[in-house]
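Here is the structure we will look at, set down as C-alpha cells.
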2 protein chains.
Amino acid sequence: MTENETDTEQKIFEAACRIFEQKGFDGARMQEIADEADINKSMLHYYYRSKDKLFQKVYQKEMGRFLPVIFDLWNADLPLDKKIREVVEAYYAFLNENPRIAQFVIHEMNQNPERFQDFLAKLDLKVPQNFNRQIDREIKQENINEIDPRQLIISVVALTHFPVIARTMVKSINNFDDEAFQQFMEERKQFLVDFILNGINYQK
Amino acid sequence: MTENETDTEQKIFEAACRIFEQKGFDGARMQEIADEADINKSMLHYYYRSKDKLFQKVYQKEMGRFLPVIFDLWNADLPLDKKIREVVEAYYAFLNENPRIAQFVIHEMNQNPERFQDFLAKLDLKVPQNFNRQIDREIKQENINEIDPRQLIISVVALTHFPVIARTMVKSINNFDDEAFQQFMEERKQFLVDFILNGINYQK
DNA sequence: GTCTATATAACGATAGAC
DNA sequence: GTCTATCGTTATATAGAC
C-alpha cells in the first residue's frame with residue numbers, strides 16, 4: 001500500500017501546483033485543490049497539515065525550478081550569438097512546458113518579497129561571472145556596444161517572459177485565439193534573436 | 001455637508017486603490033481598506049454596497065488609466081527614433097507615478113480574462129494604424145529591418161514594464177536597495193533607446 | 001452619515017468512525 | 001488511509017441606535 005500512499009500524496013501535490021499557479025495563495029481554496037485531485041479534502045490536511053505548509057512545498061518547487069533556468073546558460077562557453085539563441089530557446093521551451101509558472105513567480109514574489117529574498121539566498125545561484133567577462137572581452141574587441149551585462153540579461157528575460165505573463169493582453173489586443181497566439185510567439189523567436197543581437201550592435 | 005460625504009467616499013476609494021493594487025482582490029480585506037482610509041468599515045458598504053462593487057470601480061479606474069498609455073503615442077506624428085524615445089519616457093513617467101499599477105493589471109487580467117476582454121472592447125482603443133504605416137514606409141526605404149510592428153510594440157512594453165513588475169527579483173538578484181534600483185532604472189532608459197533602435201537596425 | 005452589534009456564509013482545520 | 005460530520009475563525013454584509 002506504499003504505492004497508494006505516495007500516489008495520493010502526489011496527486012494532491014500536483015493538483016495544488018496547478019491551483020496555486022492559477023489562483024495564487026489567496027485565491028486558492030483547499031476544497032478546489034481537493035476537487036482537482038479528486039480526493040477528499042481531509043486528505044490534504046492528513047498529508048500536509050495546513051494550507052500554508054502545502055503552499056510552502058509548491059512555492060519551493062516552483063521557485064526552485066524557475067530561477068535556475070533564468071541563469072543557467074549565461075555562463076556557458078559559447079560565442080555570444082549562439083548563446084543568445086540558446087538562451088531564448090531554453091526560455092521558450094521552459095515557458096511552453098510551464099505556461100503559468102512565470103505568472104505565479106511574479107505574483108507571489110510581489111506578495112512577499114522577504115520570503116523571496118530568503119529563498120533566493122538559500123538557492124545560492126551563481127552570478128554569471130563568466131558572462132560578465134565575455135561581455136567585457138566583446139566590448140574591448142569592439143564586437144558589441146558598451147553595455148551593462150545586467151541590462152542585457154534582464155532585457156532578454158523581459159522580451160521572452162513578458163508576452164507569456166501578459167498573454168491575456170496580447171491575445172485580446174490582437175484578437176488572437178490560442179492558435180494565432182502560438183504562431184505569433186513562434187515568429188517572435190527569430191525576431192528576438194535578431195533584435196537582441198542587433199540591439200547590442202553585435203558584429204560577427 | 002456635501003463636502004464631507006464626497007470626502008469620505010473619496011478617502012475610501014483611494015484607500016481601496018492602494019490596497020487592491022498591493023494585495024489583489026483575493027488578498028484584500030475590507031477591514032484593511034477601512035483602516036487604510038481611517039474610516040469605519042460600515043462606511044465601505046454604505047457607499048459601495050459590496051467588496052465586489054468597490055473592486056469594480058477600482059478595476060475600471062486602473063485599467064482605464066493603464067491601457068491608453070500603452071497605445072497613446074504610437075500613432076503620433078514623429079520620426080521613429082524620436083518616437084521610441086518619447087514612448088520609453090512616457091512609460092517611465094507613468095510607471096514612476098504608479099509603481100504598482102502594472103502588477104495589478106497583470107494579475108487581475110490573468111485572474112479573469114473574460115472581464116478584461118470585455119473591458120478592453122468597451123474602451124475601443126485605436127489599433128496603431130498610423131504606426132503600422134510608418135513601419136511599412138521605413139521598411140520600404142530600408143531605414144529598418146523587415147519587422148512586424150506588433151512585435152516591436154510588445155517588445156518596448158516588455159523592456160520597460162518587466163523590470164517594474166519583477167522589481168523584487170531585480171533587486172534581490174543584484175543586491176539593490178531602493179536607491180540602487182532607481183539608479184539602475186535611470187541608466188536603463190538610455191540603454192533601452194539605443195538597444196531598441198539598434199534592434200530594428202535603424203538608419204538615420 | 002456614522003457607529004456598534006450581529007447575522008450569515010465561507011473556509012481552514014480537526015475529531016472520530018471505519 | 002479514507003470518509004463524514006462538525007468545530008472555530010474570519011470575512012462579508014446588514015440591522016438598528018444615534
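Labels below follow one simple rule: chain letters A, B, ... track the order of the sequence lines, proteins then strands, and each chain is numbered from 1.
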message: Measuring from the side chain of A:Ser42 (C-beta onward, heavy atoms only), which nucleotide among C:dT14, D:dT14, D:dG1 has the closest atom?
response: C:dT14
Could you give the [atom1]-to-[atom2] distance, from [X] to [N], as a whole number of Å?
X: A:Tyr48; N: D:dG1; atom1: OH; atom2: P; answer: 12 Å
X: A:Lys51; N: C:dA13; atom1: NZ; atom2: P; answer: 8 Å
X: A:Ile33; N: C:dA10; atom1: CD1; atom2: C1'; answer: 16 Å
X: B:Arg29; N: D:dT12; atom1: CZ; atom2: C1'; answer: 10 Å
X: A:His45; N: C:dG12; atom1: NE2; atom2: P; answer: 7 Å
X: A:Gln56; N: C:dG12; atom1: CD; atom2: C1'; answer: 16 Å
X: A:Asn40; N: D:dT4; atom1: CG; atom2: P; answer: 6 Å
X: B:Lys41; N: D:dT10; atom1: NZ; atom2: P; answer: 13 Å

message: I'd like to know if B:Thr8 reaches the base of C:dT2 with its side chain, counting only an N/O donor and acceptor under 3.5 Å.
response: no
- prompt: Just checking A:Met43: base, sugar-phosphate only, or nothing, at a heavy-atom cut-off of under 4.0 Å?
  reply: base
- prompt: Which is true for B:Ala34 with a 4.0 Å heavy-atom rule: it touches a base, it touches only sugar-phosphate, or it touches nothing?
  reply: nothing
task: Kindly assign one of parallel, tilted or perpendicular to the pair A:Phe20 and A:Phe55, based on the angle between their ring planes and the thresholds 30° and 60°.
output: perpendicular
Between B:Gln10 and B:Glu14, a side-chain donor and acceptor under 3.5 Å: yes
query: According to a strict under-4.0 Å criterion, is A:Tyr47 in side-chain N/O contact with OP1 or OP2 of D:dT2?
result: yes
- request: Identify the residue among B:Glu187, B:Arg188, B:Gln190 that makes a side chain to side chain donor-acceptor pair (under 3.5 Å) with A:Gln151.
  value: B:Arg188
- prompt: Which atom pair, heavy atoms only, marks the closest approach of A:Val157 to A:Thr160?
  reply: O-OG1, 3.1 Å
